[in-house]
Amino acid sequence: MSEKIKTILSILIILIILPYIITYALQGNMLFDIEQDETERNMENGEQTEILTGILAGQIAMDSPAEAIRAQAVLVRTEYMRRQAAGEAQEQSLSMEEMASLWGSQNLQKNYEVAKAAVTDTAGEVLTYEGTPIFTAYHKVSAGSTRAAGHLNGEETPYLTSVVCGMDITSPDYLAVRFFSKKEFAKALGLPEDEDLENLTMEKDTADYVKNVKVADKSFTGDEVRGLLELPSPCFYIKEVEGEMRIVVKGKGHGVGMSQYAACKQAENGANHEDILNYFFPGTTLEKI
C-alpha cells in the first residue's frame, strides 16, 4: 500500500512541476538567444568604436581640448553614417602601427585612450539636417572666416555657410608666404614660360577666398591654383616682386565647415562640443541614434 501511495505521489509531483520544467526550457532558450544577440550587438559596437577611433586619430591632434576632439568625433561618426547609407567607401581608419608612426610609440597608449574616450563619450551622436546625416567638412585654420560650400563645389548647402573665426589669426598656420620664379609659376599653371603675368586678375568671394584666377585666355578656380602651386589655402594674394611671383596665403585647408583651430579656442573658452558644432553647422541637430 505504501508503495502505491509513493508512486501516486511521484506522479502527482511530476504533473505539478512538468509545466515549470517545460516553461523553463523554452524561456531558457529565449534568454540565451537574447543574451547572444546582446553580445553580438556589443561586439559590433566595439568594432565600430575601434574603426571610428582609428579615423579620428588621423584627423585632429590629441593634445587639443577635449571638447574640440569630441566635436571632431561627432563629425567622424556622422560622415561614417552618411557614407554607410550612401554605399560609399569609408575614410581611412588608422591601425595601431600607423598610430604609433603618427604619434610615436611613447605616446601611443595615451593618445589612443584620448581618441577612444572622445568616441565613447559621444556614443551614438550624429549631426543631422532635416533628419539626415550631414556632409561633414573641416579644416585646420580659416582665413578669418570660413567660406560657404557653394564657393567650393557650386552646390549651396544650408548648413555650410560662412562664419567668423576671428581667433584664427593667432594660429602659427594662419599666414604663409611662397615665392616662385615666373617660369616656375607659368609651368605650374600650364602656361607658356614667356606668358605676360601682368594681366593676371583674381575674383574673390565675401570671405576673401579666391573664386577665380584669370591669366591671358586661361581661367582657374582658386582651389585649382591652390592644388597646382601646393598652397596651404585657396585664400591668397599674388603680386610680382623683383621679378618673382610672391603669394601670401591665409589659413590652412579648404576653408569650409569647422575650423579646428577656432574650435579649440572655443573649447578653451568654455564651449562644449554641441556649442561648437552648432556654431559651424547652423541649422543642424545633434541627435543620439
Side-chain angles (χ1 to χ4, degrees), residues 59-60 68 71-72 74-83 85-86 88 91 126-171 173-176 201-214 219-238 247-267 271 273-287:
Q59 293 189 356
I60 190 169
Q72 189 69 38
V74 172
L75 295 186
V76 167
R77 183 180 297 101
T78 300
E79 183 64 10
Y80 182 89
M81 297 292 288
R82 187 196 68 78
R83 293 190 183 205
E88 298 176 8
E91 298 175 288
V126 174
L127 206 57
T128 66
Y129 182 78
E130 295 182 347
T132 302
I134 70 166
F135 175 82
T136 61
Y138 66 94
H139 54 282
K140 295 295 183 185
V141 185
S142 80
S145 294
T146 65
R147 63 173 172 160
H151 295 151
L152 174 64
N153 57 20
E155 297 180 9
E156 296 298 329
T157 307
Y159 52 81
L160 290 176
T161 58
S162 178
V163 298
V164 176
C165 303
M167 290 300 294
D168 277 356
I169 64 173
T170 64
S171 168
D173 294 318
Y174 176 72
L175 200 65
T201 59
M202 294 193 301
E203 178 189 1
K204 295 194 171 187
D205 62 27
T206 55
D208 209 29
Y209 290 86
V210 177
K211 293 177 66 176
N212 294 292
V213 176
K214 190 171 183 180
S219 184
F220 308 86
T221 67
D223 291 280
E224 286 173 338
V225 173
R226 175 200 174 196
L228 291 170
L229 297 177
E230 298 182 357
L231 303 177
S233 159
C235 178
F236 53 80
Y237 306 83
I238 302 176
I247 305 181
V248 178
V249 190
K250 294 196 301 183
K252 188 172 184 180
H254 50 57
V256 177
M258 186 180 78
S259 162
Q260 291 181 328
Y261 187 85
C264 289
K265 289 300 180 183
Q266 290 178 342
H273 69 281
E274 184 171 4
D275 297 329
I276 294 169
L277 294 170
N278 284 339
Y279 183 77
F280 287 104
F281 304 95
T284 59
T285 302
L286 186 62
E287 294 188 28

Do [X] and [Y] touch side chain to side chain, with heavy atoms closer than 4.5 Å?
X	Y	answer
T157	F135	no
R147	C235	no
P282	T161	yes
L127	T136	no
F280	Q266	yes
Y279	V164	yes
Y237	K204	yes

For this session: For Y174, enumerate each residue passing the ring-ring contact (aromatic ring centres under 6.0 Å, His included) test, keeping only those at least two apart in sequence or located in another chain.
Result: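 Result, ring-ring contact (aromatic ring centres under 6.0 Å, His included) vs Y174: none returned.
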Problem set entry | Worked verdict on Y261 versus S142 for side chain to side chain donor-acceptor pair (under 3.5 Å) | CA-CA 8 Å; Y261 187 85; S142 80; over 6 Å; no
Problem set entry | Over 12 non-hydrogen atoms of neighbours within 6.0 angstrom of NZ in K250 |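 Count over threshold, so yes.
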Exercise. Taking everything shown except E230 itself, do over 12 heavy atoms lie less than 6.0 Å from its CD?
Worked result: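 For E230, atom CD is not crowded (no more than 12 foreign heavy atoms under 6.0 Å).
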Problem set entry | Residue of the set V213, L231, I247, T221 for which side chain to side chain contact (heavy atoms under 4.5 Å, CB included) holds with R226 |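 That would be L231; it is the only one of V213, L231, I247, T221 passing the side chain to side chain contact (heavy atoms under 4.5 Å, CB included) with R226.
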Exercise. Donor-acceptor pair, Y209 side chain versus S145 backbone, under 3.5 Å?
Worked result: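 Yes; at least one donor-acceptor contact below 3.5 Å.
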Problem set entry | Electrostatic pair E203-K214, nearest N-O below 4.0 angstrom |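 Salt bridge: no.
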For this session: Quick one: pull up OG1 in T146 and CG in L160 and give me the separation to the nearest 0.5 Å.
Result: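 Here the interatomic distance stands at 8.5 Å.
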